[in-house]
Amino acid sequence: MTCAPLATELKAPNGLIWEQPQGLFINNEFVSAGSGRLLATVNPYTEHEICSVHVAGAGDVDKAVSSARRALKDPSWAMLSGTDRGHLMTRLADLVDQHRGTLASIETLDNGKPYSVSLGFDVPHFSEVLRYYAGYADKNFGKVIDVGPEKMAYTLKQPVGVCGQIIPWNYPLDMAAWKLGPALCCGNTVVLKLAEQTPLSMLYVAKLIREAGFPPGVINIINGYGAEAGAALVRHPDVDKIAFTGSTATGKDIMRMAAATMKAITLETGGKSPLIVFDDADLEQAVRWAHAGIMENQGQVCTATSRLLVQSGVYDKFLDAFTAYVEKASIVGDPFDPTTFQGPQVTRAQRDRVMSYISGARESGATVFHPSDKLPSRGFFAPPTVLTGLQRSAPAFQDEIFGPCAVVTRFDTESEALAVANDTRYGLAGAVFTRDLSRAHRMARDLEAGMVWVNSSNDSDVRVPFGGVKESGLGRELGEEGLRGYYNIKAVHVNLSSR
Ligand code: ADP
């Protein structure tokens with residue numbers, strides 16, 4: 001299917017039809033890219049083009065940044081009270097809820113995740129995040145500081161300014177919400193660069209942003225390639241802050257580029273998170289969470305608990321139960337089929353990357369378990385996979401595979417478990433399964449990670465900070481902590497004496 005330049009009608013397999021924007025969203029208008037180039041976005045299940053979208057070049061990025069800069073000082077945004085900013089955000093959340101079916105269909109077509117998940121999680125989580133930060137918009141203010149009777153001092157929390165936000169393809173709607181929520185709450189303006197693999201859902205949200213009544217230029221949304229549009233945004237001298245979610249390698253590039261104008265940065269990057277099962281764990285519970293922790297979202301989750309560390313006393317029992325559970329629960333197929341648990345990987349390149357880790361592991365002598373060799377005849381599918389017998393230095397054990405692929409290893413003591421868990425350049429998350437309270441809290445303290453789950457995995461909550469240490473990132477999103485990257489503190493000193 002080829003598309004008209006700025007919008008086209010699309011239809012999902014569930015019968016829903018909508019007008020899909022394809023342009024760049026700058027100053028509340030959909031416009032053609034000055035670059036004149038288009039990019040085809042592909043349905044990972046059918047392997048066919050869904051439609052094309054406009055690709056921003058450096059000139060388009062410049063226009064989007066200028067629009068955000070103008071809006072930052074425009075009274076229609078700058079003079080709004082926090083309460084009114086919150087109302088705008090709530091209105092957008094209401095519109096997203098009203099368009100839930102359409103947005104879920106777009107997300108599934110473009111990303112490949114099951115429709116049941118897009119509808120039941122991704123879309124509602126977008127509005128949940130916006131409402132959460134809308135609530136903070138009039139409750140996030142400075143302090144008066146007691147500096148004695150002759151002086152007064154107070155702090156103002158002021159917007160950082162124009163925020164460049166760069167998001168990945170695994171949760172296109174939700175990664176946008178995590179960034180837009182706190183930025184808008186604090187009165188910033190935004191240029192959001194979508195992932196080139198999955199631009200469609202947020203372009204549809206752009207229509208709702210205009211309908212909600214956001215002033216022109218407050219939120220600009222562009223599609224484009226990372227090395228071109230992404231890098232132009234990071235290098236732009238008129239951008240005050242970059243928030244990024246993506247790979248560790250790109251995060252390092254962004255740090256380097258942002259240094260030129262000393263931009264504020266927050267980074268949420270890769271992970272290879274351990275899930276540790278002790279002999280005394282509730283095994284049935286550990287198996288269920290271990291499955292969700294690595295297999296959900298096709299394994300395309302930065303916090304995926306992809307390394308399973310199991311104590312010797314229960315190793316064989318756990319492995320039998322885990323592989324049986326994968327066999328039963330990882331139903332692979334058409335993402336619009338309500339029984340599907342696992343859809344295709346997002347792109348052919350991602351599928352090939354996952355498969356090359358699996359074949360590398362097999363060649364190095366690992367045992368490879370797949371519940372079934374039967375995958376759908378089309379689509380970028382990778383089989384759910386459990387790898388055992390790997391060296392701990394092997395690429396599949398150390399690297400972030402970003403697919404439905406768990407590695408399992410055995411340990412004897414708590415100190416060995418901790419040493420293996422922390423032997424990684426990443427530090428995003430970790431999970432511990434034990435009935436021993438003291439051990440649970442010791443592990444929570446000593447794991448080198450931004451987040452720890454006790455007797456669960458990948459449990460996320462809008463009210464709880466999310467982020468990593470080591471090469472997994474800088475700064476936090478979600479919760480009250482998530483606001484900190486989006487305001488500057490200004491100190492005001494007032495002399496009350498006549499001296
Ligand atoms: P992945 O490898 O999972 O696609 P990336 O880190 O490459 O992860 O991409 C995440 C986001 O970062 C995407 O929006 C992508 O376009 C963008 N990006 C990639 N490279 C750069 C770069 N050099 N500068 C800025 N943004 C980039």
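Start at 1 and go down the list; that is how both ligands and their atoms are numbered.
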Hey, which atoms in ligand 1 end up nearer than 4.0 Å to a heavy atom of [X]?
X	answer
Met257	24 (N)
Ile167	11 (C), 13 (C), 14 (O)
Gly230	24 (N), 25 (C), 26 (N)
Trp169	1 (P), 3 (O), 4 (O)

Residues pairing under ring pair (Phe, Tyr, Trp, His ring centres under 6.0 Å) where one sits in residues 91-117, two or more places apart or in two chains, turn out to be His99-Tyr204, Tyr115-Phe336
- Query: Got a sec, which pairs hit salt bridge (charged side-chain N to carboxylate O under 4.0 Å, His left out) with one end in residues 102-111, sequence neighbours left out?
  - Reply: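 Salt bridge (charged side-chain N to carboxylate O under 4.0 Å, His left out) check on residues 102-111 returns no pairs.
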Any N/O pair Thr245/ligand 1 closer than 3.5 Å: no
Closest to atom 21 (C) of ligand 1 (heavy atoms only, candidates Thr250, Ile254, Thr347) is Thr250
Self-check item: Aromatic contact, His291 with Phe341 (centres under 6.0 Å)
Solution: yes
- Query: Would a search of protein heavy atoms around atom 9 (O) of ligand 1 find one under 4.0 Å away?
  - Reply: no
inquiry  = Go through it in stages, so that I can follow the logic: the residues are Asn14 and Ser105, the test is side chain to side chain donor-acceptor pair (under 3.5 Å), and I'd like the CA-CA distance, side-chain angles, deciding distance and then a yes or no.
reply    = CA-CA 8 Å; Asn14 57 15; Ser105 302; 3.0 Å; yes
For Gly230 against Ile166, the heavy-atom pair lying closest together: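 In terms of heavy atoms, the two residues are closest at O-CD1, 3.9 Å.
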**Prompt:** Taking the six-membered ring for Trp, are His125 and Trp178 parallel (under 30°), tilted (30 to 60°) or perpendicular (over 60°)?
**Reply:**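 Plane angle over 60°, so perpendicular.
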Exercise for the section: Examine Lys470 relative to Tyr426 and say whether NZ or CZ is less than 6.0 Å from the centre of the six-membered ring and inside a 45° cone about the ring axis. Expected result: no
Who's the nearest protein heavy-atom neighbour of [atom], and how far?
atom	value
atom 17 (C) of ligand 1	Ile166 CG2, 3.6 Å
atom 16 (O) of ligand 1	Glu196 OE1, 2.6 Å
atom 22 (C) of ligand 1	Gly226 O, 3.4 Å

- Task: May I ask whether Phe244 places a heavy atom under 4.0 Å from ligand 1?
- Result: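 So Phe244 counts as touching ligand 1.
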**Message:** Show, in sequence, the C-alpha distance, side-chain angles and deciding distance for Ser247 and Thr250, and conclude whether the side chain to side chain donor-acceptor pair (under 3.5 Å) test is met.
**Reply:** CA-CA 5 Å; Ser247 64; Thr250 304; 3.0 Å; yes
